[in-house]
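Below is one structure, written out as structure tokens; comments come after it.
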Amino acid sequence: MKSPKRYLVTSALPYANGPLHIGHLAGAYLSADVYVRYLRLMGKEVVWVCGSDEHGAAITLRAAKENSTPQAIIDKYDQLFRQTFTGMGVDFDIFHRTSSPLHHETTQEFFRTLFRKGEFVEQESEQYFDEEANKFLADRYIVGTCPKCANPDAYGDQCEKCGSTLSPTELLPPLRSAYSKTTPVMKKTTHWYLPLNKYEAWLKTWIETGTLDGKKLHDPTEWKAHVLGQCKSWLEGGLHPRAMTRDLDWGIDVPSEIPHSSGKKIYVWMDAPIGYVSATKQWAIDHNQDWKKYWQDKDTALIHFIGKDNIVFHCLIFPAILAAHGDFILPRNVPANQFLNLEGRKISTSKNWAVWVHEYLEDFPDKQDVLRYNMIKNMPENQDAEFTWKRFQESNNNELVNNLANFVNRVTVLTNKYFEGKVPEANKIAAMVSGRGGQEATTLEAELKTIHTYMTAIGEKVMQYDFRGGLQMMMEFSTYGNQFLQFNEPWRKIKTDVVGTAAVLNVGLQIVAALNLAVRPFLPFTSDAMRKMLKINPITRGEGEWATLLKTLSKGKVLLETGHMIGEPVHLFSRIPDEVIAAQVQKLEDSQRETLATPAPEMPKPIEYKPLNQTITYEDFAKLDIRTGTILEAERVPKTDKLLKLTIDLGFEKRTIVSGIAEHFDPKNLIQQRVLVVANLAPRKMKGIESQGMILSAENDLGKLGLVGTTDIFGNGFIVK
RNA sequence: GGCGCGGUAGCUCAGCUGGUUAGAGCGCAUGAUUCAUAAUCAUGAGGUCGGGGGUUCAAGCCCCCCCCACGCUACCA
């Protein structure tokens, strides 16, 4: 693939519902920041957009819970995001908001275009409805019992206790509406669907070959294996139409001229990626540029940085939307990162098992680059990775302090000590040995070539989205500097050979000067500090300095001229002592414990009794028809983990009941067991078998099930009341 | 259960379309050195490449079966 004229880089819009933790940072922001910083230093035309994702049910719900308003919630987190990103040196070209009027217009325009082109399918479906509040219920607004962990307050889209993804139909009763606490009913509603099944064929070709309409748009071999794998997995399974609208209060209205649009909002998942477009528009307005150049010109490379949870949306659904619209380019790559674990466990907001970035900035002032270094070093580029405070400390002390900062310090100290802080004469014939092995003689010219090689290699890694590799290469370059000093021993040479010492330190300073740029995409604050120390011009954004440096080197010219005065040595990094690390680990455990309000692990765990459900009337109870019965047959339902197919004798008839108890009972031990059966429950098909009722069982605090039976003096079919 | 990404030295990971004695960083051991925040540099020990079968002159890389971790997905009335 030929290299593009310009780049449009996006980072997943953070959802304005809570603060950022290190997992967010590792996923879509630091990776993009390194990439974009490098592109800018190479003088490439690049715009990097991001913004707050501010719509959807979770925000209204949170507002209600905190007795606040959605607007107040999004304002609060938008503000916090901006501070956090700026604090960490994550340097977007624009950080926009999906609540802005420009974004609303842009999204509606998109929707309108797709509607007019007849891309949507209007379809009626049944949704949960709250009769008292007179509202349809988003998944998030349906509360019920989690089928996985029995948390009675799980939401219809997710259980916050065990973190599993749910759908409303999976929730166990009693279901209730988050608005009125009443039981929701099913009601018909109309929505607009994107017929992904219609696009399946071209999406498949596009993903697998990078080709659309005979044109090669990207090279799939450059895509990460797990991204391709995930997409192929979806394509194999067949794509289904997906609703692009919701019945919601908080979001972007479906354009009013569209029939039946009253009360309908555009689905946040459609609204959010269009946020990349509106952010670009706003940037263009601010900078007197043409946004279309970035979204509609074939020579632009669109790159989406996201976490793996977003793969399907950015690789299939959003491209389908863009293509359905017609005027837009498709992403050239979607370098999704995997997940970052923390101290051996998954990061969890609800369990408060997280390192919050804004808190890190408070706890470790002026140590942004230490976190950046550690996060890039352990970036989950191709598989899940882990952050531990111990490794954070080790990489700081052993690599940043001992290797990088120390090398820079050695060179500046020696220059100040022996040459009054002036870059000494480069003597091209002076005898020096190479930093590699210390065996062969070398010259300034050869060393400039070596520097060029390192700088090129680091850049290549970054362009391949191998940020860990680039970072490692950068550190090897610093090691090379240490080796060069070690082999040439300027501290010894000064006693006999001032000219030779000057030559050695001149090379040392050239390495430091190059290192200053090598470090910059990863550690921008450090790069600034080094420039101050070297007394060279500060860089604001990056305007091709790296490219210039490569040119200078390949001409055999030096980066720092002889006689240039450098500043006093400064320690770029400082050691982090054990106590500080221990305190962070303690903080993590404390906050998590507070959140869970559980005693220390070594204490015997008290039984957690489930809270009582809301009071019901006798009439409610009387609706239940519970009968005595006996299990006649029991067998596993093939291809399921939990299902047993039971035949129950109810005296007056025999019933087939499918029950999710296979993990608790051996089928052959169930034969002739007496059970209680909810006999008037509406039948339901599971795995193609109609289940005609439900057998009762009790569950203890450890999740163990026990059948609730009758005593043997009873026959079958009698009423329980 | 289906699908997907992985399982390589104590730890974190590289290993391209199969090709000589399987690599790096950290940690560990020994030695050198003192300009530097006891930092640096050199040397070394450490792996039957998750397990089992197969294809091949040759397999960490290909095929089959199994085990483990993670993710998506189905089922859980």
Side-chain angles (χ1 to χ4, degrees), chain A residues 145-148 165-167 169-173 221 224-237 307-309 311-312 336 338-339 341 346 377-386 388 390-391 394-395 397-403 405-418 435 437-438 466 468-469 471-473 475-476 479 481-494 501 504-505 508 569 571-575 637-644 657-663 678 681-689 691-696:
Chain A
T145 299
C146 174
K148 287 174 186 156
T165 312
L166 303 172
S167 74
T169 50
E170 289 179 88
L171 284 182
L172 304 181
T221 61
K224 298 187 184 190
H226 74 270
V227 175
L228 286 176
Q230 183 74 242
C231 293
K232 285 180 187 167
S233 169
W234 270 68
L235 288 163
E236 289 304 315
K308 71 170 155 185
D309 48 335
I311 289 174
V312 171
Q338 306 238 23
F339 288 153
N341 293 321
K346 279 185 217 181
K377 185 178 151 97
N378 293 306
M379 195 171 268
E381 284 171 347
N382 294 303
Q383 50 199 297
D384 289 358
E386 184 177 338
T388 69
K390 183 73 190 152
R391 282 208 280 271
E394 282 173 358
S395 63
N397 294 357
N398 299 332
E399 297 168 38
L400 294 175
V401 176
N402 292 354
N403 188 338
N406 183 226
F407 167 65
V408 174
N409 188 245
R410 295 171 86 183
V411 174
T412 46
V413 165
L414 291 169
T415 304
N416 274 288
K417 206 181 230 176
Y418 302 150
D466 181 5
R468 298 170 72 127
L471 188 80
Q472 196 184 327
M473 188 70 72
M475 202 46 87
E476 275 174 34
T479 297
N482 274 317
Q483 289 168 324
F484 183 80
L485 286 188
Q486 203 64 30
F487 293 135
N488 287 291
E489 300 182 305
W491 51 90
R492 179 176 290 188
K493 197 169 266 205
I494 190 70
T501 309
V504 169
L505 284 181
H571 289 140
L572 294 173
F573 294 97
S574 53
R575 270 168 207 297
V637 178
K639 300 196 172 187
T640 65
D641 295 336
K642 299 184 182 174
L643 297 186
L644 286 185
I657 290 179
V658 179
S659 182
I661 56 174
E663 289 178 338
V678 181
L681 191 65
R684 173 157 177 146
K685 268 198 176 178
M686 275 178 283
K687 279 282 162 189
I689 305 165
S691 179
Q692 304 157 324
M694 167 175 177
I695 64 164
L696 296 185

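Every chain is numbered from 1 and lettered A, B, ... according to where its sequence line falls, protein lines coming before strand lines.
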Using the P atom as the reference point in each nucleotide, state the distance between B:U43 and B:G25 in Å, no decimals. 10 Å
Using side chain to side chain contact (heavy atoms under 4.5 Å, CB included) as the criterion, list what pairs up with A:R575, not counting sequence neighbours. A:N397, A:V401, A:N402
Could you provide the dot-bracket string of RNA chain B, using ( ) for intrastrand pairs, [ ] for crossing pairs and | for bases paired to another strand, with Watson-Crick or G-U pairs below 3.5 Å? ((((.((..((((.....[...)))).(((((.......))))).....(((((..]....))))))).))))....
Could you pull out the protein-nucleic contacts involving nucleotides 33-37 of chain B (nitrogen or oxygen on both sides, under 3.5 Å)?
residue, atom, partner, partner atom, Å
B:U34, OP1, A:R492, NH2, 3.2
B:C35, O3', A:K417, NZ, 3.3
B:C35, O2, A:R410, NE, 3.2
B:C35, N3, A:R410, NE, 3.0
B:C35, N3, A:R410, NH2, 2.6
B:C35, N4, A:R410, NH2, 2.7
B:A36, O2', A:N406, ND2, 2.9
B:A36, O2', A:N409, OD1, 3.1
B:A36, N3, A:N406, OD1, 3.2
B:A36, N3, A:N406, ND2, 3.3
B:A36, N3, A:R410, NE, 3.2
B:U37, O2', A:R575, NE, 3.3
B:U37, O2', A:R575, NH2, 3.3
B:U37, N3, A:F573, O, 2.8
B:U37, O4, A:F573, O, 2.1

Phosphate-side-chain proximity, A:Q383 and B:A14, N/O vs OP1/OP2 below 4.0 Å: yes
Holding to side chain to side chain contact (heavy atoms under 4.5 Å, CB included), I want the full list of residues that pass it with A:E476, two or more places apart in sequence or in another chain. A:Y454, A:Q472, A:M473
Pairs under 3.5 angstrom, nitrogen or oxygen only, protein versus nucleotides 42-46 of chain B, please.
residue, atom, partner, partner atom, Å
B:A42, OP1, A:Q483, NE2, 2.8

Less than 3.5 Å apart, which donor and acceptor atoms pair up between the side chains of residues 405-415 of chain A and the rest of the protein, not counting sequence neighbours?
residue, atom, partner, partner atom, Å
A:R410, NH1, A:N482, OD1, 2.8
A:R410, NH2, A:Q486, OE1, 3.0
A:T412, OG1, A:V408, O, 2.9
A:T412, OG1, A:N409, O, 3.1
A:T415, OG1, A:V411, O, 2.7

What pairs with A:S574 under side chain to side chain contact (heavy atoms under 4.5 Å, CB included), at least two apart in sequence or on another chain? A:K367
The contact string for nucleotides 59-66 of chain B, one letter per nucleotide 5' to 3', using protein heavy atoms under 4.0 Å with B, S and - for base, sugar-phosphate only and none, comes out as --------
Residues in side chain to side chain contact (heavy atoms under 4.5 Å, CB included) with A:K417, at least two apart? none
In whole angstrom, give the distance that lies between atom NZ of A:K377 and atom P of B:C13. 10 Å
Check: A:K224 side chain, A:N382 main-chain N or O, donor-acceptor pair, under 3.5 Å: no
Looking at residues at least two apart in the chain, or sitting in another chain, which of them share a salt bridge (Lys or Arg N to Asp or Glu O under 4.0 Å) with A:K308? A:D384
Residues which pass salt bridge (Lys or Arg N to Asp or Glu O under 4.0 Å) with A:K377, listed by chain and number, not counting sequence neighbours: A:E399
Acceptor/donor pairs from residues 226-233 of chain A side chains to any protein atom, 3.5 angstrom cut, sequence neighbours excluded:
residue, atom, partner, partner atom, Å
A:H226, ND1, A:Q338, NE2, 3.3
A:H226, NE2, A:A336, O, 3.1

